Structure formats: structure tokens, C-alpha cells
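Counting starts at 1 for both ligands and their atoms, in listed order. All figures in this text were calculated on a predicted structure; none of them were measured in a lab.
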Amino acid sequence: MPARRTSIHGEWSSKLAFILAATGSAVGLGNIWRFPYVAGESGGGAFVLVYLACVLTIGLPVMIAEILIGRRGRQSPINTMRTLAVEEGHSPAWQHVGLLGMAAGFIILSFYSVIAGWTLAYMVRTAAGVLQGVTAEGARSIFADLVGDPEKLLAWHTIFMVMTIIVVSRGVQSGLEQATKFLMPALFVLLVAMVGYAMNTGQFQHALRYLFMPDFGKITTDVVLNAMGQAFFSLSLGMGAIMIYGSYLSHNASIVRTAVVIVSMDTLVALLAGLAIFPLVFQYQLEPTAGAGLIFQTLPIAFGQMPGGIWVGTAFFVLLLFAAWTSAISLLEPAVTWLVENHGMNRVKATAYTGIAAWGLGILSILSLNAWSDVKVFGKGFLDLFDYLSSNVMLPIGGFLICTFAAWLMSRESTRSELGLPDGFGYRLWRFLVQFVSPVAIVLVFLNKIGLFGGS
Ligand code: PFF
């Protein structure tokens, strides 16, 4: 076995720090903004069921593979993939998996920052009391005003990107770790409180039925693709974010256990977000299919009506902002480490360049919401296109390559010793999943989408 590597970028101070940071990467807008609206657009329970199946059969095994590859390679995803491929006697071309991931992270960050900007705008509006007593109609028009104004969107997008650049430029321990320690637990507590509120005031039974009683007739090709894309997006998989975080993990931590914790927390937060939002959607006769504006048109009504709503609402958007922040930093990290390793840049410069480039690309997403709303590429505006392309196409392809690499190209000894598992049931189950179940599932979903099985 080769000598153990150390990362030139640093290491987490403890196993808990890794769990918090990786959970911070996973839990973000994907759970609270994206999950409810994609579920609403994809038929509720049918989507949730397929989503949970994807998390178990694809998400968890791929996460274990990604952490193990990251920790063994201890470099940026591109260099890690190349080093491990060569070490295992294969082509260095595997480094392109890292490149694909970097591109996906870059595209995601560009629009992620725009949506995080909405969160910032709502934080300020809530704190200023703008939402007090707001009706469903009022909430809709506040949202329409915001997304219709490119200058406002640009200002919030810029602020968020600067915040992200600042944290990433400070490096692993001082930057990334500190941000996650207190904020994740606080978000969780507040979300539980919101579910409590929705339980008492909204149509909770209706929401439960909507989310958990699947109408199997609604499981279409698109629902399955959306669910798989959501699983990759929500768990931060397929682009090297979890890989680079794994590269800062110490050798004695158990990868399987930490992966189970991260996946469970992420799933729980998504389900809680659904349970906080849908009772209110039904109570106020909003459309579950409202799309990307769903939470921004739903929750403000609750904050506007509940006693102390200014405080609860402001706290909610502050915490959502932090959740988005801890995810955005992981989107930037793979590219930054690569620039540092291969181009000799210092971290601050590398972060600034990447962040500014993603910021520029984000402007297309902003304009697609207003001035350029007629511009369509493949039938979609830029925001939708970037979202679809990254989540539903690039991340699953990245995930497919990552699990194929871990399962078929790395030797049993390498993966087993990195996971620290005996050759027993647990290890064999994981290997079976990454060898057959996850890659085959990903390919089938794609083939089905392309219409090979008569799908649309
Ligand atoms: N998982 C994040 C979320 O749910 O908001 C988004 C994300 C972060 C996706 C990092 C991909 C990634 F690599």
C-alpha cells in the first residue's frame, strides 16, 4: 500500500467537524427551496417515494465511494482521480471526472448564489416588517416584484458571492469549520418549530397524504429523473464536493458511519421542509406546482400571520442563508484546490477568480427571470437550463463514474482498507451496490428518459 498522503490544504480538527461541514454542504437550498418545489411539480408522494429510493440505492453508496476516494487521494478531485487511477494501474484520463465535477460546481454556484440572494432579500424584508399581515396575493406580488427587478437581484447575488469568497479564501479550519458548528443545529430546531406551526394552523393531514401516499400512476420518466437529480443535488454528490471534504478527513474516522449520518440528516431536513410548507400551501390554496418561488410565496404568509412572525421569519431566513452559505463554499472548494495545486495560485486569488467567474455566469440566470424571459435554450430559460443540466445530467454522470471507479477500477484491498471494514456483510453489500445497483439505476433512468423504453 502506498504511504498515506496528507493534504496540503489542511485537515478537519475532528470527525465531528467533518460531519458538520459535509452536512453543511448537503443541507442547503436544495432541501428547503428545491425539494418542496420539485416535489410539488412532480406529483408529491410519487416523487417522494422515488426520491427516498434514490437516496438509499444511489445516494448513500455513492457518498461512501466519494469520501473514500477523497480521503485516499487527499488532493483536488482532478488530481485525486488521476493519482488513484495511475496507482491502480489505469489511465490518468480518469482525472476528467474531476474536471466534469468542477464544471458542474461552477454552474451550480452561479445560480445557487442568485437564489441565496432571494433569501437575503427576504431576510431584510421580513425584519423590516414588510410581510406583516400579508395575504397570499400580497406574498405573490412581493415575490414577483423581486424577481422582476434585475438590479435588485444583481445586488443580492453580488453580496452573497462576496460572502462565499470570503469564507473559502480563509481556508479549511478557520473558514469552513467555524461557519457550520452552531448554525446547522439552530436551523434544525427552527425547522421543527415551523412544522409545529404548520401542524396547528395548516392542513397537516392533507400535506401528509400529499407527501406520503404516492399515486403510483404519477411515476413518470420525468418524475424519476427529477428525483434522481434532486438526490444528487441535495446530497452534494457527483461533483467532488464531498470528495474534497473527504480529503480533509483524518484516517481514523469511519467513513460508512459518517456517510449514514450525513445522508440521514439531509433527508430529514428535506422532509421537515416539506412538512412545514405543504400544510400552508393547502391552507391558503396555493399551487403546489408554483415552481421555484414556492417557499418564498408560502412561508411569508405564515410569518405575516403568526404572533412574533417578524422574529421567527427573520431567524428562518438568516438560518436558510447560512445553510446556503455552507453549501456554496463546498461548490467553490474543488476548483480552488485545483488552482492552488496546479497553477501555484494562492488560495485567496484562486477563490476570487473562481467566485467572480461564477458570479458573471449568474447574471444570465438573473436576466432569464426578467429582461430575457423570452430567451430559451432547449426550451428553457438560463436558470432552469443550468439547474436541469447540472442536477439531472452532470451530477448523475459524475456519480456514475465515481462509483464505477471505486467499484471496478480500485482493488478490493484499496477500498476495504480505506473503509476500514472486514471482508464481511457490510463491505460486500456496499460493493454490490456500487458495482451493480447504483450505476445500473443511473443508466436505466437516463435510457428511460431518452425514450429507449418508450418513455417520454
Ligand atoms: N447540497 C446543496 C443543497 O442541497 O443545497 C447544494 C450543493 C452543494 C450541490 C454542493 C452540489 C454540491 F456539490
Side-chain angles (χ1 to χ4, degrees), residues 20-39 51 54-55 59 62-63 66-67 69-70 76-77 97-98 100-119 160 164 167-168 176 179-180 183-184 187-188 191 226-247 259 262-263 265-274 292 295 319-338 354 358 386-399 402:
L20 285 172
T23 309
S25 165
V27 174
L29 294 171
N31 308 62
I32 294 169
W33 158 71
R34 201 173 187 280
F35 177 80
Y37 102 73
V38 179
Y51 175 75
C54 288
V55 166
V62 173
M63 176 159 304
E66 221 177 299
I67 302 175
I69 291 174
S76 65
V97 176
L100 174 77
M102 222 167 74
F106 184 71
I107 295 175
I108 296 175
L109 181 62
S110 76
F111 70 81
Y112 203 83
S113 168
V114 174
I115 312 292
W118 299 0
T119 310
F160 183 78
T164 305
V167 177
V168 178
L176 310 188
T180 40
L183 302 164
M184 283 294 118
L187 177 69
F188 193 75
L191 211 52
N226 287 342
M228 182 173 81
Q230 173 63 21
F232 274 101
F233 187 90
S234 189
L235 294 168
S236 303
L237 293 176
M239 58 145 282
I242 291 294
M243 197 186 285
I244 193 73
Y245 276 18
S247 78
I262 300 161
V263 169
M265 308 257 265
D266 187 74
T267 309
L268 192 60
V269 172
L271 295 177
L272 285 175
I295 70 154
L319 292 173
L320 183 57
L321 174 71
F322 277 101
W325 202 5
T326 53
S327 300
I329 56 186
S330 72
L331 287 162
L332 209 46
E333 188 69 10
V336 169
T337 47
W338 177 70
T354 332
F386 291 156
D387 187 2
Y388 189 91
L389 188 71
S390 52
S391 314
N392 288 5
V393 183
M394 296 171 88
L395 297 185
I397 292 178
I402 288 168

Give a yes or no answer on whether the side chain of Gln230 reaches the backbone of Ser391 with a donor-acceptor pair at less than 3.5 Å. no
A side-chain contact here means heavy atoms from C-beta on lying under 4.5 Å apart; do Met228 and Leu395 qualify? no
If you compare all heavy atoms of Leu321 against all heavy atoms of Thr119, which two are closest, and at what distance to 0.1 Å? N-CG2, 3.7 Å
Assign the ring pair Phe233 / Phe111 to parallel, tilted or perpendicular, where the plane angle (0 to 90°) is split at 30° and 60°. parallel
Over 12 non-hydrogen atoms of neighbours within 6.0 angstrom of CE in Met394: yes
Output, or 'none' if empty, a list of ligand 1-protein atom pairs in which both atoms are N or O and the distance is under 3.5 Å, rounded to 0.1 Å.
unit_1	atom_1	unit_2	atom_2	d
ligand 1	1 (N)	Ser25	O	3.2
ligand 1	1 (N)	Ala26	O	3.0
ligand 1	1 (N)	Phe233	O	2.7
ligand 1	1 (N)	Ser234	O	3.1
ligand 1	1 (N)	Ser236	OG	3.0
ligand 1	4 (O)	Ala26	O	2.9
ligand 1	4 (O)	Gly30	N	3.3
ligand 1	4 (O)	Asn31	OD1	3.4
ligand 1	5 (O)	Leu29	N	3.1
ligand 1	5 (O)	Gly30	N	2.7
ligand 1	5 (O)	Tyr112	OH	2.4

So, does Ser25 use its side chain to make a donor-acceptor pair with the main chain of Ala21 at under 3.5 Å? no
